[in-house]
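For reference, the structure is listed below as structure tokens.
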Amino acid sequence: MWPHGDTKAPVATTVLNHLERLRNRASFIANSCKEIRDRYDQKEDGLYYLTTANGGVYQTFCDMTTAGGGWTLVASVHENNMYGKCTVGDRWSSQQGSNPNWPDGDGNWANMVTFGTTDGATSDDFKNPGYYDIVAEDMSVWHRRFLTIYGGNLHQLFKLYPVRYNAGACGNTGPAIPIMYDFGNIETTRGFYGPNLRNQFEPGFITFRPINNVRAAMAICSGVKPIPNTRCDTEHYCIGGGGHFPEQAPRQCGDFPSFDWNGYGTNTEWSSSKEITEAAVLLFYR
């Protein structure tokens, strides 16, 4: 019996219960956070272990509260050095410089290479086996069940729409999917990007594999879709890329290709806001 007024007992019990819940997670056998939610009735955000189709085990973050929960973190895109321009750390474009003989760059949008850590996903590039192993319907906060149409994950989608220099011309984008906002809206999305660009895209979509006006490929336009028959300056508002950005190479090359054209974070002319330039784009499946 703990003495009257002593708060150590309930605190210790709370800690022990939390540790017990974490220990129990190690016994779960599931391919995705959605399976953990459905099979084990888990409703708490946090780190969980998942098992691949081949029996590999890895740890990732599960969002169990947003829009019904069951969201698996599979990747993140972060510009580690805006001034680096396709140097070490630009895993979602090229770490080999801007080179027309290396049109796919590192090719990580469509391969099975993994890198980074879950703990570092908000500050560094990250990709786990769930990126290619989970067969999902939805992606991140955009609940449109479009992944089923394109093979169930981004790995398969980017095989259909390669992120490769000279894979197409201005206007040859991949799918553009309407999004549902959990946070923000069309106007806040529009404001992230420079004023010279705002008549080139339509907010409210996620677009895959846009091609700019010099045939450089990007991977994702997060929150917008290019408007047909405009200039195709997608390097200023879309992320990721292939291995070559011809215009003033390597000035446009990188994971956030040319967000700093008129200065870092200035949100003037062609430059994006500091908020979006320093953001990490977290990719979830469900």
Side-chain angles (χ1 to χ4, degrees), residues 33 45-48 58-67 71-95 105-106 108-109 113-132 134 136 138-142 153-155 157-158 163 179 181-185 188-194 203 205-208 210 218-224 234-241 252-260 264-267 271-286:
C33 297
D45 295 345
L47 298 177
Y48 292 81
Y58 65 98
Q59 189 182 54
T60 194
F61 179 80
C62 292
D63 179 346
M64 297 300 202
T65 55
T66 300
W71 296 97
T72 306
L73 177 65
V74 298
S76 71
V77 186
H78 178 268
E79 180 55 72
N80 69 312
N81 177 10
M82 200 69 214
Y83 306 106
K85 305 305 177 186
C86 284
T87 52
V88 173
D90 284 326
R91 299 180 185 91
W92 293 109
S93 50
S94 173
Q95 300 183 95
D106 281 26
N108 286 322
W109 293 100
V113 174
T114 60
F115 43 82
T117 65
T118 305
D119 289 344
T122 58
S123 59
D124 196 8
D125 291 341
F126 169 68
K127 180 182 173 190
N128 66 30
Y131 181 90
Y132 56 81
I134 294 172
D138 299 337
M139 175 183 161
S140 194
V141 296
W142 302 295
N153 54 48
L154 294 178
H155 175 251
L157 186 152
F158 287 118
V163 184
I179 65 175
Y181 286 96
D182 289 323
F183 303 99
N185 53 48
T188 57
T189 300
R190 193 189 307 277
F192 285 144
Y193 305 105
F205 294 82
I206 180 171
T207 305
F208 298 93
M218 280 116 274
I220 294 175
C221 304
S222 181
V224 304
T234 53
E235 68 274 8
H236 300 295
Y237 59 89
C238 302
I239 64 173
Q252 292 185 352
C253 202
D255 288 353
F256 284 21
S258 192
F259 282 31
D260 62 340
Y264 184 98
T266 61
N267 206 18
S271 277
S272 298
S273 67
K274 186 176 181 181
E275 182 179 6
I276 199 68
T277 301
E278 295 183 350
V281 179
L282 304 181
L283 306 179
F284 289 81
Y285 289 165
R286 184 172 71 182

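Nothing fancy with the numbering, it's 1 onward along the sequence.
In this structure a side-chain-to-backbone donor-acceptor pair under 3.5 Å is missing from Asp90 to Gly254. Using modelled atom types, one side-chain atom of Trp71 and one backbone atom of Thr66 make a donor-acceptor pair closer than 3.5 Å. Checking side-chain atoms of Asp106 against main-chain N and O of Gln95 turns up a donor-acceptor pair under 3.5 Å. Under the 3.5 Å distance criterion, the side-chain polar atoms of Tyr285 are matched with a main-chain donor or acceptor of Leu154. Of the possible donor and acceptor atoms, none in the side chain of His78 sits under 3.5 Å from a partner among the backbone N and O of Ala280. The backbone N or O of Trp109 sits less than 3.5 Å from a side-chain atom of Tyr131, completing a donor-acceptor pair.
Residues Ile239 and Phe259 form a side-chain contact, since some pair of their non-hydrogen atoms from C-beta on lies under 4.5 Å apart. The shortest distance between side-chain heavy atoms of Asp119 and Leu47 falls below 4.5 Å. In this structure, Phe192 and Val224 have side chains that are not in contact, with every pair of non-hydrogen atoms separated by 4.5 Å or more. In this structure the side chain of Asp260 reaches within 4.5 angstrom of the side chain of Lys85, judged on heavy atoms.
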- prompt: Trp92 and Glu79: side-chain contact (heavy atoms from CB on, under 4.5 Å), yes or no, with the steps?
  reply: CA-CA 9 Å; Trp92 293 109; Glu79 180 55 72; over 6 Å; no
- request: Please report the C-alpha distance between Asp138 and Arg286 in whole Å, then the side-chain angles of each, then the deciding distance to 0.1 Å, and finally whether the salt bridge (Lys or Arg N to Asp or Glu O under 4.0 Å) criterion is met.
  value: CA-CA 5 Å; Asp138 299 337; Arg286 184 172 71 182; 3.7 Å; yes
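Taking a 6.0 Å sphere around CD of Gln59, one finds it holds more than 12 heavy atoms contributed by other residues, nucleotides or ligands.
Between the side chains of Thr188 and Tyr181, no donor N or O sits under 3.5 Å from an acceptor N or O. Of the N and O atoms on the side chains of Ser93 and Asp255, at least one donor lies less than 3.5 Å from an acceptor on the other residue.
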